[in-house]
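Reckoned from all heavy atoms, side chains included, excluding hydrogens, waters and symmetry mates.
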Amino acid sequence: HENGEETEPVETISLIIKSDMLGSGEAIENSLSKIDTQGVKVNIISKGLGNITEGDIVRAETNGASIFGFNVKVSPQAENLARDKGVSVKLYKVIYDLINDLKTTIQELVKPEVERVDLGRLKVMAIFRTEPKMQIIGGRVLDGEIKANAFVEVMREKELVGEGKITSLQSGKVEVQRVETNQECGMRFEGKAIIEEGDILAFYEEKQIIKKVG
């Protein structure tokens with residue numbers, strides 16, 4: 001990590017791997033280590049040789065693990081026990097399929113990152129209406145552009161005094177989606193009513209970035 005901080009794993013996937021040959025288990029483990037897991041920890045509890053047994057099912061249940069079998073079979077007793085205990089057992093003949101399945105599972109667990117995107121700033125020139133959790137205000141866009149449904153930070157003499165959301169934007173008494181630099185507009189602010197004339201509103205959006213598991 002560039003900033004020296006460790007990313008906390010968001011989830012853990014525990015696996016028990018059973019394969020027909022020692023080399024297969026090692027090849028699977030090697031492939032797993034190359035997946036970019038995006039903060040999801042893949043924990044291999046054990047690698048073993050031979051068919052999947054009742055003992056494997058018990059171990060999987062105890063550790064909250066899934067069993068991946070490669071070129072092996074499941075004994076009927078183990079299959080019944082897995083069903084009773086709700087243990088997931090998956091069998092594969094191709095390592096690529098096993099890895100792809102695991103990537104899909106990891107992708108479902110990866111939490112999207114939220115990125116702040118700054119839009120523009122507005123100077124408050126008038127307060128038209130004030131209620132406890134809402135204000136109707138007017139102002140002029142200083143820079144950038146502002147958008148309806150954006151989040152805002154209320155700045156007073158460069159200090160952050162509050163925040164909220166703009167739920168509607170009007171320019172020339174017409175409902176609009178965005179207003180550009182130097183234009184004047186009216187808007188409905190929802191949040192704790194603390195905005196005063198002369199305050200600066202900093203507009204921003206939050207975008208979710210879904211990381212692709214590679």
Side-chain angles (χ1 to χ4, degrees), residues 1-119 147 149-151 153 160 163-165 203-214:
H1 296 277
E2 290 172 359
N3 56 6
E5 286 179 20
E6 282 297 313
T7 306
E8 282 292 307
V10 286
E11 300 278 357
T12 300
I13 297 172
S14 297
L15 296 179
I16 290 172
I17 295 171
K18 291 295 291 275
S19 56
D20 56 342
M21 294 184 297
L22 198 59
S24 305
E26 285 169 358
I28 291 164
E29 191 170 23
N30 193 25
S31 298
L32 294 183
S33 70
K34 290 179 181 154
I35 300 178
D36 182 2
T37 54
Q38 308 286 3
V40 177
K41 183 171 166 44
V42 179
N43 185 18
I44 298 174
I45 288 162
S46 73
K47 296 196 306 283
L49 292 179
N51 291 337
I52 295 164
T53 64
E54 290 168 282
D56 294 321
I57 306 298
V58 171
R59 179 181 279 180
E61 190 204 12
T62 307
N63 292 283
S66 300
I67 300 177
F68 278 19
F70 185 73
N71 281 336
V72 294
K73 296 186 173 75
V74 190
S75 74
Q77 296 88 339
E79 208 166 328
N80 290 336
L81 189 61
R83 205 174 298 118
D84 291 346
K85 302 288 188 188
V87 171
S88 166
V89 178
K90 293 184 174 178
L91 302 177
Y92 300 91
K93 291 199 180 308
V94 182
I95 291 179
Y96 176 82
D97 292 340
L98 184 155
I99 299 300
N100 267 3
D101 256 20
L102 191 60
K103 277 187 188 175
T104 303
T105 306
I106 293 168
Q107 187 71 65
E108 286 164 4
L109 295 175
V110 171
K111 299 204 173 14
E113 277 192 0
V114 175
E115 186 181 79
R116 174 179 164 137
V117 180
D118 289 311
L119 298 170
K147 291 183 183 177
N149 296 312
F151 297 105
E153 290 175 334
L160 176 66
E163 45 200 335
K165 191 169 186 181
F203 282 66
Y204 68 95
E205 287 178 318
E206 288 183 346
K207 288 196 173 166
Q208 287 199 339
I209 298 165
I210 308 274
K211 288 183 167 183
K212 192 86 180 89
V213 171

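For S46, the side-chain hydrogen bond (donor to acceptor under 3.5 Å, both in side chains) partners at least two apart in sequence or on another chain are R59. Scored by the side-chain hydrogen bond (donor to acceptor under 3.5 Å, both in side chains) test, S66 finds no partners at all (sequence neighbours excluded). Qualifying side-chain hydrogen bond (donor to acceptor under 3.5 Å, both in side chains) partners for E29, counting only residues two or more places apart in sequence or in other chains: K47. Taking the salt bridge (Lys or Arg N to Asp or Glu O under 4.0 Å) definition, one finds that E205 meets it with K147, sequence neighbours left out. Residues forming a side-chain hydrogen bond (donor to acceptor under 3.5 Å, both in side chains) with N80 (at least two apart in sequence, or on another chain): R83.
Within the model, atoms CD1 of I16 and CG of N43 stand 10.0 Å from one another, a figure rounded to the nearest 0.5 Å. Remark: L49 CG to I17 CD1 distance equals 12.0 Å, nearest 0.5 Å. Summarising the geometry, atom OG1 belonging to T105 is positioned 5.5 Å from atom CD1 belonging to I13; distances are rounded to the nearest 0.5 Å.
Between L81 and V58, some side-chain heavy-atom pair lies under the 4.5 Å cut-off. Side-chain contact between T104 and Q107 is absent, with no heavy atoms from C-beta onward closer than 4.5 Å. Contact check for E163 versus F151: no side-chain heavy atoms found under the 4.5 Å cut-off.
Pairing each heavy atom of V89 with each of A82, the nearest pair is CG2-CB, 3.9 Å. Nearest heavy-atom pair, S31 versus I99, reported as atom, atom and distance to 0.1 Å: CB-CD1, 3.5 Å. Nearest heavy atoms, G64 versus S14: O-CB, 4.0 Å. Residues A150 and F203 share a closest heavy-atom pair of CB-CD2, 3.9 Å.
Aromatic ring centres of Y92 and F70: separated by at least 6.0 Å.
Within the structure, salt bridge (Lys or Arg N to Asp or Glu O under 4.0 Å) contacts touching residues 18-27 (residues at least two apart or in different chains) are K18-D56.
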